Undergrad: 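One structure, pasted below without further comment.
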Amino acid sequence: MRAAVRDAIDAGEFAGATPDEVVVERPKSADHGDFATNVALRLAKAAGKPAREVAEAVAAQLRQSDGIAEVDVAGPGFLNIRLASGALGALAKDIVEAGAGYGRSGELTGRRINLEFVSANPTGPVHLGHTRWAALGDSLHRLLEAAGADVTTEHYINDFGSQLANFGASLYAVAQGRPVPENGYHGDYVADVAEQVIEAVPGALDLPPAEAVGVFTTIGEQLMLELVRASLSRFRVEFDVYFSERSMHESGAVDAALARLREQGHVFDADGAVWLRTTDFGDDRDRVLVRSNGEKTYFAADAAYYLDKRGRGFDRCIYMLGADHHGYVGRLKAIVACAGDDPEQTIEVLIGQLVKLVRDGQEVRLSKRAGTIVTLDDLIDLVGIDAARYSLARWSADTPLTLDIAEITKRSNDNPVFYVQYAHARTCNAKRNAADFGIGLDVFVPELLTSPFEAALLTALSEFPRAVATAAELRAPHRVARYLEDLAGSYHRWYDACRIIPQGDDEITDVNRTRAWLNDATRIVLANGLGLLGVDAPERM
RNA sequence: GCCCCCGUAGCUCAGCGGAUAGAGCAGCCGCCUUCUAAGCGGUUGGUCGCUGGUUCGAUCCCAGCCGGGGGCACCA
């Protein structure tokens, strides 16, 4: 397409530059051909000519290309392209040959991306709020790598400061049979962890209180972190790096970061505290780095953490945060600007709306301290890993998500994950049956794929690479899920209309053999797509 | 008050400036003696919150309203 435009320009038909991106899509209506493009409409202004005239010039070039049967100029200047018979069908073999590589691209090759998500505090189990990010973040990881990026996934551990001390104190209190302190942590898991600490350090309760709290804090945090890892791992989410906040305090990295920010001239002292003048860079108020009692804030560690990431060579740091943390965006960007980087280039903060849980029409409050936690493990036990991952990934992160326990507990066919998985299982079954009939992948005659259902399935398959690239670019894994639902629909309709193995006593023909390729191409794309979501592609259901 | 997200079919949502705005569910009517009916077909259902603006063209971009959700610590 780009070549055709360039040829038209070279031929002196109109002025202007070849556009960087040409949108060629599958039209909604079959009347508009196999593919359609608005390129002429986009070029018209620069060319200084009516769009239809530009369209005619491009169409003339396109008609000379191989594989194109027909090009029409329609409406204000759309180009409707109809492919030569077989040109579309050839895709089935291309996909089978590409296998797991179909859908991958090199759009982000050379980009080093740090992707931080979940970052659950080691003071409680992974809960539902984290779970949305576990599903979306892990899927985004897979998408970015499919687009060729070099991605490191990272989980930050807040193992420093007052919340952790609070957690340790709560463990100690519970172990002693005393009530949990004011604002302490509640919930059954606190007693469980306290018990495990005593198992690990049998004399812990006999130590002087100050030492005992230290033991409960340190060991409790380690145990909790292991539980967090185990839950995430069970959910098929593995991180390349678990990064400790405390390690930066101990190594002096936080002090070094403060010194660097001070050198840059953005630090000031007031009311006994040390502040960063983030308002210079659009934040709505300045932020405290060191409290008047001498303790460094979480924000100070964040600054150090950002500098550490940059020091490790990432050219883009992506943060995935819940809407309850959106106030951080301004100050994170201010850190970047204070450090001398361009916030529009080196960081990207993805904000996702919160997940609500409804039980019997009542909202279940998610509060670790109140002890009413719905955990990741609970969710997996209720609906299974595949349904949980798929359900959390198929909605845009911009949409607040309400999960009804009754709804997600119900294992029914209105759950789209079953629709897509069933389609995959069906392709596998069809492949097995074809093999039993002696239909393998030997003969391939694409001109025989003439049914409208075949054209629809083929165009859907052709859109997969574009869908993956767009989902990666927009950081929108839900687009993959929606694409798969669309593809599964095209497949089911095709399966219903076009038989792979012959009916009754009919002879096996090349149509049957060629359809086996199309079936296999669909199987591959469904599996590749489900893989991007971290959902299993079952061979039988 | 300020900041972020949302407002599209009865419900839940999809639509990164294009042609007649889509899907699932819910409702109604159909399709299994032959490759998985966890499937397929048909049908009912819309002032894309409102008002302006930009554009050849706006559900999409901009501004202002209205409505809903969330957030605005020397906690993390």
Side-chain angles (χ1 to χ4, degrees), chain A residues 23 25 27-29 31-32 36-38 41-42 44-45 50-51 74-78 80 119 121 123 158 160-164 166 183 245 270-275 283-285 287-299 301-302 322-330 351-354 356 394-402 404 407 411-423 425-426 428-434 436-437 439 470 473-474 476 478-479 481-483 485-486 488-489 491-493 495-497 499-506 512 515 519 540-541:
Chain A
V23 178
E25 56 186 7
K28 287 166 192 163
S29 163
D31 296 343
H32 298 144
T37 176
N38 62 356
L41 291 161
R42 298 211 174 271
K45 195 161 213 173
F78 290 104
N80 293 333
S119 294
N121 287 0
T123 55
N158 299 122
F160 188 85
S162 58
Q163 292 295 346
L164 188 62
N166 188 0
N183 294 325
E245 178 185 4
D271 305 327
V274 179
W275 301 70
D283 198 3
D284 49 7
R285 55 177 300 163
R287 305 293 171 176
V288 172
L289 289 165
V290 184
R291 291 197 269 160
S292 52
N293 66 6
E295 286 175 21
K296 292 168 190 96
T297 61
Y298 174 86
F299 180 60
D302 261 354
D324 54 339
H325 284 68
H326 96 266
Y328 275 18
V329 179
I351 296 297
Q353 300 304 303
L354 302 179
K356 274 191 215 162
R394 84 178 284 266
W395 278 279
S396 159
D398 289 337
T399 305
L401 189 52
T402 301
D404 186 307
E407 202 65 32
R411 267 185 168 272
S412 67
N413 59 356
D414 54 7
N415 190 340
V417 68
F418 292 118
Y419 184 76
V420 176
Q421 286 187 315
Y422 179 65
R426 227 180 192 186
C428 293
N429 193 62
K431 187 180 171 77
R432 285 190 296 266
N433 289 333
D436 289 347
F437 264 73
I439 302 173
T470 303
E473 185 189 335
L474 298 180
H478 76 276
R479 281 175 171 258
R482 304 293 174 151
Y483 167 82
E485 288 165 30
D486 183 64
Y491 176 73
H492 285 311
R493 285 187 287 277
Y495 181 91
D496 211 51
R499 295 187 57 88
I500 298 165
I501 64 173
Q503 193 159 17
D505 299 329
D506 294 351
N512 301 111
R515 281 176 181 166
N519 180 73
R540 295 170 200 276
M541 288 181 80

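Throughout, protein chains are lettered first and strands after them, A, B, ... in sequence-line order, and every chain is numbered starting at 1. Fair warning: this is a prediction, and the values are worked out from it, not measured in the lab.
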Undergrad: Starting the side chain at C-beta, find the nucleotide from A38(B), C74(B), C16(B) nearest to Phe418(A).
TA: A38(B)
Undergrad: Please work out if Thr399(A) contacts a base, only the sugar-phosphate, or nothing of the nucleic acid, heavy-atom cut-off 4.0 Å.
TA: sugar-phosphate
Undergrad: Is the shortest heavy-atom distance from the side chain of Thr123(A) to the side chain of Leu164(A) under 4.5 Å?
TA: yes
Undergrad: Once you round it to whole Å, what is the distance between C1' of G39(B) and CD of Gln421(A)?
TA: 16 Å
Undergrad: Without swapping roles, check the side chain of Thr297(A) against the backbone of Val290(A) for a donor-acceptor pair under 3.5 Å.
TA: no
Undergrad: Heavy atoms, side chains only, cut-off 4.5 Å: are Asn158(A) and Gln163(A) in contact?
TA: no
Undergrad: Determine the interatomic distance between C1' on C66(B) and the same-named atom on A23(B); round to the nearest Å.
TA: 29 Å
Undergrad: Can you see if the side chain of Tyr483(A) gets near the phosphate of G15(B) - specifically, an N or O under 4.0 Å from OP1 or OP2?
TA: no
Undergrad: So Arg394(A), base contact, sugar-phosphate only, or nothing? Heavy-atom distance under 4.0 Å.
TA: nothing
Undergrad: Nearest-Å distance, CG (Asp496(A)) to P (A38(B))?
TA: 13 Å
Undergrad: Where each residue is assigned the nucleotide of RNA chain B containing its nearest heavy atom, which of Ala488(A) and Ala497(A) is assigned the position nearer the 5′ end?
TA: Ala497(A)
Undergrad: Would you indicate what Ala397(A) reaches in the nucleic acid, counting non-hydrogen atoms under 4.0 angstrom: base, sugar-phosphate, or nothing?
TA: nothing
Undergrad: Rounded to the nearest Å, what distance is computed from the CG atom of residue Asp324(A) to the P atom of nucleotide C75(B)?
TA: 18 Å
Undergrad: Rounded to the Å, how far apart are Leu354(A) CG and C4(B) P?
TA: 17 Å
Undergrad: Any idea which of C5(B), G41(B), A76(B) is nearest the Arg493(A) side chain?
TA: G41(B)
Undergrad: Need one value for Gly161(A): base, sugar-phosphate or nothing, where a base atom within 4.0 Å counts as base even if backbone is also close, heavy atoms only.
TA: nothing
Undergrad: What nucleic acid atoms does Ser162(A) come within less than 4.0 Å of, heavy atoms only: base, sugar-phosphate, or nothing?
TA: sugar-phosphate
Undergrad: Using the P atom in both, what is the distance from C29(B) to G67(B), to the nearest Å?
TA: 42 Å
Undergrad: For U54(B) versus G17(B), give the span between their C1' atoms, rounded off to a whole number of Å.
TA: 11 Å
Undergrad: Keeping the roles fixed (side chain from Asn166(A), backbone from Asn183(A)), state whether a donor-acceptor pair exists under 3.5 Å.
TA: yes
Undergrad: Distance check, C1' atoms only: C56(B) and G64(B), in whole angstrom units.
TA: 26 Å
Undergrad: Does Thr402(A) reach a base, just sugar-phosphate, or nothing at all? Heavy atoms under 4.0 Å.
TA: nothing
Undergrad: Looking only at side-chain atoms of Tyr419(A), point me to the closest of C72(B), C16(B), G39(B).
TA: G39(B)
Undergrad: Report the residue (Trp395(A) or Pro502(A)) whose heavy-atom-nearest nucleotide on RNA chain B is the more 5′ of the two.
TA: Trp395(A)
Undergrad: Have a look at Arg499(A) and say if it touches a base, only the backbone sugar-phosphate, or nothing, with a 4.0 Å heavy-atom cut-off.
TA: base
Undergrad: Looking across every strand, which nucleic acid part, if any, lies under 4.0 Å from Arg540(A) by heavy atom: base, sugar-phosphate, or nothing?
TA: base
Undergrad: By nearest atom, which of the nucleotides C5(B), A76(B), G15(B) is closest to the Gln353(A) side chain?
TA: C5(B)
Undergrad: What is the separation between atom CZ on Arg285(A) and atom P on A73(B), rounded to the nearest whole Å?
TA: 6 Å
Undergrad: Rounded to the nearest angstrom, tell me the gap between atom CG in Asp283(A) and atom P in C72(B).
TA: 13 Å
Undergrad: So, OP1 or OP2 of C75(B): does either fall under 4.0 Å of a side-chain N or O from Arg287(A)?
TA: no
Undergrad: Checking only heavy atoms, does the side chain of His326(A) share a donor-acceptor pair with the base of G70(B) at less than 3.5 Å?
TA: yes
Undergrad: Does G46(B) have a Watson-Crick or wobble mate here (both distances under 3.5 Å), and if so which one?
TA: none
Undergrad: Name the nucleic acid region contacted by Ala273(A), choosing base, sugar-phosphate or nothing; use a 4.0 angstrom heavy-atom cut-off, strictly under.
TA: base
Undergrad: Distance check, C1' atoms only: A63(B) and A9(B), in whole angstrom units.
TA: 29 Å
Undergrad: So do the side chains of Arg482(A) and Trp395(A) get within less than 4.5 Å of each other, counting heavy atoms only?
TA: yes
Undergrad: Just name whichever nucleotide pairs with C75(B), Watson-Crick or G-U, keeping both distances under 3.5 Å, else none.
TA: none
Undergrad: At 4.0 Å (heavy atoms only), tell me whether Asp436(A) reaches a base, stays on the sugar-phosphate, or touches nothing.
TA: nothing
Undergrad: Is there a donor and acceptor pair closer than 3.5 Å between the side chain of His492(A) and the base of C40(B)?
TA: no
Undergrad: Applying a 4.0 Å non-hydrogen cut-off, can you work out what His478(A) is touching in the nucleic acid: base, sugar-phosphate, or nothing?
TA: sugar-phosphate
Undergrad: Between Arg291(A) (side chain only) and Ala273(A) (backbone N and O only), is there a donor and an acceptor less than 3.5 Å apart?
TA: no
Undergrad: Mark yes or no for a side-chain to base donor-acceptor pair under 3.5 Å between Ser292(A) and C74(B), with no hydrogen or angle criteria applied.
TA: yes
Undergrad: In whole Å, I'd like the distance from the OH atom of Tyr328(A) to the P atom of C75(B).
TA: 11 Å
Undergrad: Give the nucleotide from the list G15(B), A73(B), A37(B) with an atom nearest to the side chain of Arg479(A).
TA: G15(B)
Undergrad: Whole angstrom is fine here: how far is it from CG in Asp506(A) over to P in U34(B)?
TA: 15 Å
Undergrad: Please classify the nucleic acid contact of Tyr495(A) as base, sugar-phosphate, or nothing, using heavy-atom distances under 4.0 Å.
TA: base
Undergrad: Which value, in whole Å, describes the distance between the P atoms of nucleotides A19(B) and C60(B)?
TA: 13 Å
